[in-house]
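Read through the structure below, which is laid out as structure tokens, and then see the notes.
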Amino acid sequence: MSAGFYYGVEVFLNGLMAGVMYSLVALGFVLIFKASGIFNYAQGVMALFAAMTLVGIQNGQVPFAHLINAVFGLHVTHFGWHVPALLAILLSVGVMIVFAFIVERYVLKHLVNQEPIILFMATIGLAYFMEGFGDLMWGSEIKTLNVGIPQGGNTWVEESTAFLGGDDFYGFYLDSLDIVASIVAIVLVASLVLFSQYTKTGRALRAVADDHQAALSVGISLRTIWVIVWSIAGFVALVAGIMWGSKSGVQFSLSLIALKALPVLMLGGFTSIPGAIVGGLIIGVGEKMFEFLIGAPFLGGATENWFAYVLALLFLVFRPQGLFGEKIIERV
Amino acid sequence: MLYREAGDYKTTYAKDNQTFPIKFDRVAYYVLLLVAFCVVPFFINDYWANAVLVPFLIYVIATLGLNILIGYCGQLSLGTGGFMAVGAFASYKLMTAFPEVSIIIHILIAGGITALVGMLFGLPSLRIKGFYLAVATLAAQFFLVWLFNRVPWFYNYSASGQISAPERTVLGVNVTGPNVDAWAQYMVCLVFVVVCAWLARNLTRGNLGRSWMAIRDMDIAAEIIGVNPLKAKLTAFAVSSFFIGIAGALLFTVYLGAAEVGEAFGISKSFLVLFMVIIGGLGSIFGSFAGAAFMVLVPVFLKNFLVGGMGWPTDVAAHFQFVIVGGLIVAFLILEPHGLAALWRVTKEKLRLWPFPH
């Protein structure tokens, strides 16, 4: 076996890892779409906001420091304490739950029964709002997020695979962070599936996803369910934010991963949790392999920007409901 | 009192179908045109042209285009920025390849090229709908920007990857390049806006416009009553992209002068135009004007108020602007999902009865 082949395998593995990261974001979309039929464009910004909140709490930043300084002419920046990572994560989860309440109370409640497209555009507005709000609250500079996840190449994987190739092969390079992210994603999906299958709330969630009116008529409160779903989506956003934030810093581009999650959803289908995972893996592997085999040598590189969308576009032409989506039935 | 249709007898079918059925509206429309063409050019200065009027006029064309696609035909598109880039690069290539041809013709051809590209990316709309289509148009956005970034032929192998508009004249007056007068920029854009708005208004109330609206309201039912979905959807994409291409060409040649594709025509431009359509009102020509005016004026106003008036740092003001714009969009969708156009309609209804409400 040549070194080129092993390099290809390494690209494949790294694609899988990147795919896991996409899946993490896509999961949040699927949860909200299933429960309320809302295509939540703000999911990416939620991840950014959650990560910013986490960093802010950890470092003891004063919220709205820039605004306060501008209005009152003060110079406050930090409270001067450091919150341990675990406590900070719990507090951030709290913030995301409060956020879910606010969204339900001030946005969703008023938009019941609107067309899906109006709801989608409302979430775009929400995304803009949160983006500005997050920057006002915590500042817009790039922050480093450190909650104790190991980073850098994993030497164990590298050493234990080095024997596969010849003298010029040193083993597969995998980022420890990506490995942790994969494990977290597996745990997250497993617990979400268990939650929705075996708890009372989970059953209510599935009932709402199935039929709003029937769920209402057996006494399930839609508004409570929405708050729960948005809270869970906020939690998933926090997890995605932690992973992406640890990888590349907490910055504006984090919110753009939401756009990357869209083709993932289209491949997997909007209503399927396993679909989100499989779609993410296909997109991750696909774009890395395409860049490695065709993009970099023939097309001048950076094909990762559009490959996912074009793949999804071509795919949809043949199977409009996605891999695992429910069959689209239309009536007049 | 003046705003009445009483006494305004319509004796022909043409009069019955006119755009402004109330005399007051008609007069106001002609006065507005007169002011726009004969008064404003003499008083315009660089600040007003660059900060408000020229971007407003250009975005009106883009908003009209997107409104035809979303508001009239119901096909959600997030590829506006990419299509504007097509218009800009097409006009750039034409201007540098055929310097002797008038720039007006170049801009029109650029619109035509964008229409073809739009139709190509509109093809999937025959199979996929709603959000799925929105994501499919994202493919257009990212692919086109990547294409213009990576293929040196499009930017004539310039070292920086930027394109910059060479100097061109219309009737002996500079309209592009560094030595351009504010009034010339304004007049070129104004002429395009008036023609485009006239075109859009008449297309949308004709046969074509009705087939678009039938598709929007329910595509299967429309197909059953004999609307050809292929024709309706592709023409909507073509006309919409034509307008957006013209807007992109004007934005680059007349307004910006030099452009870097990722920065000038990125995804944020797509959202900006989408917001203009939403805030203005889906499926309304007046709404396109109102939405564009609103989205151009709000940042200018906020900047003047927060930075100039209250002395805030610019970055805080910029973040605040995001909060305001996002909040406004949500508020609009909750309070008036049909946008400023609907507010305007309600106001007019009230005015017709005022001051006697019965």
Side-chain angles (χ1 to χ4, degrees), chain A residues 33 39 66-67 69-71 106-107 109-111 114-137 139-140 256 259 262-263 265-266 270 299-303 305-314 316-318 320-322 328 330-332, chain B residues 70 74 76 78 121 123-124 126-147 149-151 218-221 224 267 271 274-275 278 282 306 310-313 315-335 337:
Chain A
F33 190 81
F39 187 82
H66 290 284
L67 192 62
N69 294 346
V71 176
Y106 291 103
V107 182
K109 196 183 90 177
H110 304 283
L111 287 171
Q114 291 282 7
E115 289 168 50
I117 208 124
I118 301 275
L119 288 162
F120 171 59
M121 294 195 275
T123 60
I124 297 181
L126 190 65
Y128 263 65
F129 180 84
M130 281 187 79
E131 205 179 303
F133 190 73
D135 284 349
L136 270 184
M137 201 161 164
S140 59
L256 294 179
L259 292 173
L262 295 179
L265 291 170
M266 293 168 68
F270 281 99
L299 295 175
T303 53
N305 285 341
W306 55 265
F307 176 77
Y309 303 99
V310 175
L311 180 70
L313 179 67
L314 293 177
L316 278 187
V317 172
F318 296 104
Q321 70 269 39
I328 302 166
E330 285 184 278
R331 295 188 185 86
V332 176
Chain B
I70 301 181
L76 185 59
L78 296 175
F121 280 100
L123 279 176
L126 302 170
R127 287 276 294 176
I128 51 186
K129 286 164 195 159
F131 308 127
Y132 287 85
L133 182 66
V135 181
T137 55
L138 272 181
Q141 168 73 45
F142 286 102
F143 179 75
L144 290 169
V145 167
W146 174 85
L147 188 71
N149 227 340
R150 290 285 157 170
V151 181
M218 182 169 271
D219 50 355
I220 297 177
I224 290 168
I267 181 85
F271 282 122
L274 179 67
F275 289 162
I278 298 172
L282 289 164
L306 293 177
M310 316 232 321
W312 287 17
D315 61 328
V316 176
H319 301 155
F320 207 72
Q321 186 188 318
F322 268 91
V323 173
I324 299 266
V325 170
L328 274 174
I329 285 160
V330 175
F332 256 101
L333 288 170
I334 290 171
L335 300 173

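Scope of the values below: all heavy atoms of this structure, side chains included, with no hydrogens, waters or symmetry mates. So that the names make sense, note that chain A is the first sequence line, chain B the second, and so on, each numbered from 1.
Going from atom CD1 of B:I70 over to atom CE of A:M121 covers 6.5 Å, rounded to the nearest 0.5 Å. A:I124 contributes atom CD1, which lies 4.5 Å from atom CZ of B:F271 (distance to the nearest 0.5 angstrom). Rounding to the nearest 0.5 Å places CZ of A:F120 at 5.5 Å from CG of B:L78.
In plain terms, the two heavy atoms of B:V323 and A:F133 that are nearest each other are CG2-N, 3.3 Å. Contact record, B:I334 with A:Y106: CD1-O, 3.5 Å, taken as the closest heavy-atom pair. When every heavy atom of A:G125 is checked against every heavy atom of B:V330, the shortest pair comes out as C-CG2, 3.9 Å.
For B:I267, the part lying under 4.5 angstrom from a heavy atom of chain A is the side chain only. At a 4.5 Å heavy-atom cutoff, B:I324 makes no contact with chain A through either its backbone or its side chain. Residue A:F307: no heavy atom, backbone or side chain, is found under 4.5 Å from chain B.
Below 30°, between 30° and 60°, or above 60°: for A:Y128 and B:F275 the angle between ring planes is above 60°, a perpendicular geometry.
Top candidate by heavy-atom pairs under 4.5 Å with chain A, chosen from B:I329, B:L133, B:L333, is B:L333.
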